[in-house]
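The block underneath contains the structure these notes are about, expressed in C-alpha cells.
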Amino acid sequence: MPGGRLTFEDRQCIAEGLAAKLTCAEIARRLGRPRSTVMREIARNGGLHAYQASRAQRAASWRARRRKPIARLDSSSDAPDANGRTTHTMRELEEQLSAMMIETGMPSMSSRVFTALFVSDSGSLTAAELVQRLNVSPAAISKAISWLEQRELVGRKREGRRERYIIDVDDVWYRAWLASARSMALWADATRRGAGVLGTATPAGSRLHTASQFFDLLGHDMAQAAEHWRQRLSAQCRPSSQPQDGDGAVTSRRTR
C-alpha cells in the first residue's frame with residue numbers, strides 16, 4: 001500500500017471526512033494517499049454511511065492476524081492463471097469497482113456481490129461460492145441479492161437444491177437504466193401533483209413544477225437512450241453479410 005498501511009489516526013481522518021460530506025478524493029488529498037486506497041478502505045468497512053474508524057481498525061488487526069507469513073513469501077501461492085491474472089490482481093480490481101459503486105450510492109455488500117458476479121468469467125456464482133469468496137455470512141449474501149434483484153441487476157436459477165445467481169452482462173445495464181428511467185417518471189408524477197396542490201403561482205408550487213419538467217425530460221431522454229442501446233446491441237448480435245456503418249447500422253447497397 002503506497003505510504004504504508006493505514007493507521008488508526010488515518011481512519012479517524014477518513015471518518016471525519018465522511019461526516020463532513022467530503023469526497024474520497026478530498027479525503028485522500030488530506031491524508032496524502034491514493035484515492036483508490038481510501039475508496040478500498042471505505043468499501044471494505046461498511047461503506048460511505050456506515051464507516052467507523054474503531055471498527056475498521058479492529059477489522060484490519062483481525063486481517064493482519066489471519067495472514068500467514070509463509071504464504072506471503074511463497075511467490076507460487078499467487079501464480080497467474082492461464083490469462084495472466086493473479087488472485088491479488090483480481091482482489092484489487094474487485095475492491096476498486098465495489099468502492100466506486102459505493103461512492104455512487106450502492107450499498108456496500110450489494111456492491112461487493114455485484115462486482116464478484118460481474119468479474120467472474122461465468123457471470124454466475126452460488127450463495128456458497130459468494131460466502132467463501134467474500135468471507136461473509138449467508139444472511140449478508142441473501143440481503144444483498146434481494147437488493148440487486150429488486151433493481152433487476154441479477155437473476156437466479158435453481159440447480160437441484162441450490163440456487164445460482166446470474167448477471168446478464170449484455171442486458172443488465174439496459175434493465176438498470178430502464179429502472180432509473182422509471183424512477184424519474186415517479187419523481188415527475190409526484191412533483192407534478194405537488195405543484196397542483198400548492199399552485200404554480202406560489203414559490204413552492206413553481207419550484208415543484210420546474211422539478212416535474214426536469215424529471216419528465218430526463219426520464220424521456222433516458223428511455224430513448226435505453227431503446228437506442230437495445231437496437232444497437234440487437235444489430236451487433238444479428239448476423240449479416242451486408243457492410244455496416246460506424247454505428248452498427250446496415251448500409252444499403254444496390255445489387256446489379
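Sequence neighbours left out, the pairs with a member in residues 172-188 that pass salt bridge (charged side-chain N to carboxylate O under 4.0 Å, His left out) are Glu152-Arg182, Asp171-Arg175. The salt bridge (charged side-chain N to carboxylate O under 4.0 Å, His left out) analysis of residues 131-140, with sequence neighbours excluded, yields the pairs Glu94-Arg133. Residue pairs satisfying the side-chain hydrogen bond (donor to acceptor under 3.5 Å, both in side chains) criterion with at least one member in residues 189-205, sequence neighbours excluded, are listed as follows: Asp189-Arg193, Arg192-Asp216.
Here the closest non-hydrogen pair linking Ala226 and Leu178 is CB-CD2, 3.7 Å. Smallest separation of non-hydrogen atoms from Ala50 and Gly46: CB-O, 3.3 Å. The heavy-atom pair separating Met222 from Trp177 by the smallest distance is O-NE1, 2.8 Å. Scanning all heavy atoms of the two residues, the minimum distance from Ala116 to Leu130 falls at CB-CD2, 3.9 Å.
The only option from Arg33, Arg5, Arg30 that meets the salt bridge (charged side-chain N to carboxylate O under 4.0 Å, His left out) definition with Asp10 turns out to be Arg33.
At distances below 3.5 Å, not a single donor-acceptor pair connects side-chain atoms of Ser142 with backbone N or O atoms of Ala139. The backbone N or O of Ser108 lies less than 3.5 Å from a partner atom in the side chain of Ser111, making a donor-acceptor pair. With hydrogens and angles ignored, the 3.5 Å screen pairs a side-chain donor or acceptor of Thr210 with a backbone N or O of Ser206.
Side-chain atoms of Glu227 and Gln231 include a donor-acceptor pair closer than 3.5 Å. Side-chain contact annotation: Thr89 with Thr86, donor-acceptor N/O pair under 3.5 Å present.
Within a 6.0 Å sphere centred on CD of Gln132, heavy atoms belonging to other residues, nucleotides or ligands number 12 at most. The 12-atom threshold is exceeded at CH2 of Trp147, counting heavy atoms of other residues, nucleotides or ligands nearer than 6.0 Å.
For the atom pair CD1 of Ile141 and CG of Leu148, the computed distance is 10.0 Å after rounding to the nearest 0.5 Å. Separation of atoms NZ (Lys21) and CG (Leu48) is listed at 9.5 Å; rounding is to 0.5 Å. In this structure, Phe118 CZ and Leu125 CG are separated by 13.5 Å, a value rounded to the nearest 0.5 Å. Between the CD atom of Gln12 and the CG atom of Leu6 there is a distance of 12.5 Å, given to the nearest 0.5 Å. Separation of atoms OG (Ser36) and CD (Glu92) is listed at 7.5 Å; rounding is to 0.5 Å. Note: Arg151 CZ to Ser110 OG = 7.5 Å, rounded to the nearest 0.5 Å.
With salt bridges taken as basic N to acidic carboxylate O contacts below 4.0 Å, one links Arg164 and Glu129. With respect to Glu149 and Arg156, a salt bridge is recorded, a charged nitrogen being found less than 4.0 Å from a carboxylate O.
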